[in-house]
Asks: 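Just passing along the structure, written as structure tokens.
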Protein chains: 2
Amino acid sequence: MNNFTDLLRAHNLKATPQRLEIANTLYNQGHANVEELYDTLLKKFHSISLATIYKNINLMIENAFIQEVKIPNAKSVYELTKETHSHLVCKKCGNVEDITLDLRPVCDLAMHSTEFQIDKADLVFSGLCKKCQ
Amino acid sequence: MNNFTDLLRAHNLKATPQRLEIANTLYNQGHANVEELYDTLLKKFHSISLATIYKNINLMIENAFIQEVKIPNAKSVYELTKETHSHLVCKKCGNVEDITLDLRPVCDLAMHSTEFQIDKADLVFSGLCKKCQ
DNA sequence: AACACAACTAATAATCATTCTAATTTAAAG
DNA sequence: CTTTAAATTAGAATGATTATTAGTTGTGTT
């Protein structure tokens, strides 16, 4: 079990037990949506409020401690901030995996054929994971 | 002004005036969110219900007449279904543009380094459009 | 052109998701 | 150990979406 106290503080966030548990859940599960976070934290904090989940998710996003991942035909999931990467989503079981790809060539192509100044590329692959094929 | 009657019917959708107007709005504006569609249709149908907007958006998505585009830090927008393409979003003015890129190399890379069978890649670039830089 | 019917629209209520408010509790700095 | 600003909680309030129902309309058939 990881200790995220210092990492939270490095992001200007007080290390409350609820926040530590959110961090641990995302660390252990990789990705989780609002409902999953709430259900998981309920086990440890019998009287936690959904407002706490939302408030912390929003604050943690503002402070770049976590990030939102928008997924086609599904609720957003959240993950601890780490190196830039893309995602694979299984259409059957809903599982989300990370994948690191070099998208610079694609970004460069896009910047040359448009007048945009691009600083981020969110890429989500949809398909079937090994188990679901 | 385009006539989408036949195209709607080809997708098993009755060509009602409200649907024709949704199609025209998306054709003219490229992309629009729920609220923008509602506001636009209100001008022509003074007593249209938001439920009609939602019901039609959902049906049109089911029947592949339109598609949802999920955007970081913003509401989803909808667009007429056309050839597969990616999107550019301006973080300042919110404008959404299409861009056609060959993502097969990236998909192949992803399929080889994972056990996923990929059949779709949703890519959204974020940055500044020419006017906003 | 008129008919019949399934499908559609509009109003409203109901549900689900998210944010706000106010009172209480707590992390962490001194 | 105190102090204080910030966090948590419960519940109300708001916002977004879906369901229900009664009346209307598009469309294939005559």
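The analysis underlying the following values was restricted to heavy atoms, covering all of them including side chains, and did not include hydrogens, waters or symmetry mates. Here is how names work: the chains are called A, B, and so on, in the same order as the sequence lines, proteins then strands, and each is numbered from 1.
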Asks: Provide, to the nearest angstrom, the distance between the OH atom belonging to B:Tyr38 and the P atom belonging to C:dT9.
Replies: 14 Å
Asks: Could you state the interatomic distance from CZ (B:Phe45) to OG1 (B:Thr16), rounded to the nearest 0.5 Å?
Replies: 7.5 Å
Asks: Decide whether B:Leu26 and B:Met60 are clustered together by the hydrophobic rule: side chain heavy atoms of Ile, Leu, Val, Met, Phe, Trp, Tyr closer than 4.5 Å, transitively.
Replies: yes
Asks: Quick one: salt bridge (Lys or Arg N to Asp or Glu O under 4.0 Å) partners of A:Asp108, sequence neighbours excluded?
Replies: none
Asks: Over how many whole Å does the gap from B:Phe45 atom CZ to C:dC8 atom P extend?
Replies: 15 Å
Asks: Just grab all the salt bridge (charged side-chain N to carboxylate O under 4.0 Å, His left out) pairs involving residues 118-133 of chain A, residues at least two apart or on different chains.
Replies: A:Asp119-B:Lys91, A:Lys120-A:Asp122, A:Lys130-B:Glu115
Asks: Indicate for each nucleotide in nucleotides 18-30 of chain C, in 5' to 3' sequence, whether protein heavy atoms under 4.0 Å reach the base (B), only the sugar-phosphate (S), or nothing (-).
Replies: BBB------BS--
Asks: B:Ile61 versus B:Tyr78: any side-chain heavy-atom pair under 4.5 Å?
Replies: yes
Asks: Whole Å only: how far is the CD atom of A:Glu36 from the P atom of C:dA17?
Replies: 13 Å
Asks: Could you tell me whether a side-chain N or O of A:Ser126 sits under 3.5 Å from a main-chain N or O of A:Val89, the two making a donor and an acceptor?
Replies: no
Asks: Taking only residues at least two apart or on different chains, which pairs with a member in residues 69-79 of chain A satisfy salt bridge (charged side-chain N to carboxylate O under 4.0 Å, His left out)?
Replies: A:Glu35-A:Lys75
Asks: Calculate the interatomic distance between A:Ile57 atom CD1 and D:dA7 atom C1'; express it in whole Å.
Replies: 16 Å
Asks: Please report the end-to-end axis angle for the helix from C:dA1-D:dT30 to C:dG30-D:dC1, five pairs per end, rounded to 10 degrees.
Replies: 50°
Asks: Measuring from the side chain of A:Gln18 (C-beta onward, heavy atoms only), which nucleotide among D:dA10, D:dT8, C:dT9 has the closest atom?
Replies: D:dT8
Asks: Would you say the side-chain atoms of A:Asn63 pair up with the backbone N or O of A:His11, donor to acceptor, closer than 3.5 Å?
Replies: yes
Asks: Can you tell me if the side-chain N/O atoms of A:Asn56 get under 4.0 Å from OP1 or OP2 in D:dT8?
Replies: yes
Asks: For nucleotides 3-5 of chain C, list the nitrogen or oxygen atoms of the protein found under 3.5 Å from its nitrogen or oxygen atoms, one pair per line.
Replies:
none

Asks: Is there a path from B:Ile118 to B:Val124 through hydrophobic residues (I, L, V, M, F, W, Y) whose side chains come within less than 4.5 Å of each other?
Replies: no
Asks: Whole-Å distance between C:dA11 C1' and B:His46 NE2?
Replies: 18 Å
Asks: Whole angstroms only, please: what is the CD1-P distance between B:Ile48 and C:dA11?
Replies: 10 Å
Asks: When you measure from the side chain of B:Glu36 to the backbone N and O of B:Asn33, does any donor-acceptor pair fall under 3.5 Å?
Replies: yes
Asks: Check the pair A:Ser76, A:Glu68 against side chain to side chain donor-acceptor pair (under 3.5 Å), reporting the backbone distance first and the verdict last.
Replies: CA-CA 6 Å; A:Ser76 290; A:Glu68 180 178 9; 2.7 Å; yes
Asks: Please report the distance, rounded to the nearest Å, between CD in A:Glu21 and P in D:dA7.
Replies: 18 Å
Asks: How close or far is atom P of D:dG15 from atom CG of B:Asn33, stated in whole angstroms?
Replies: 16 Å
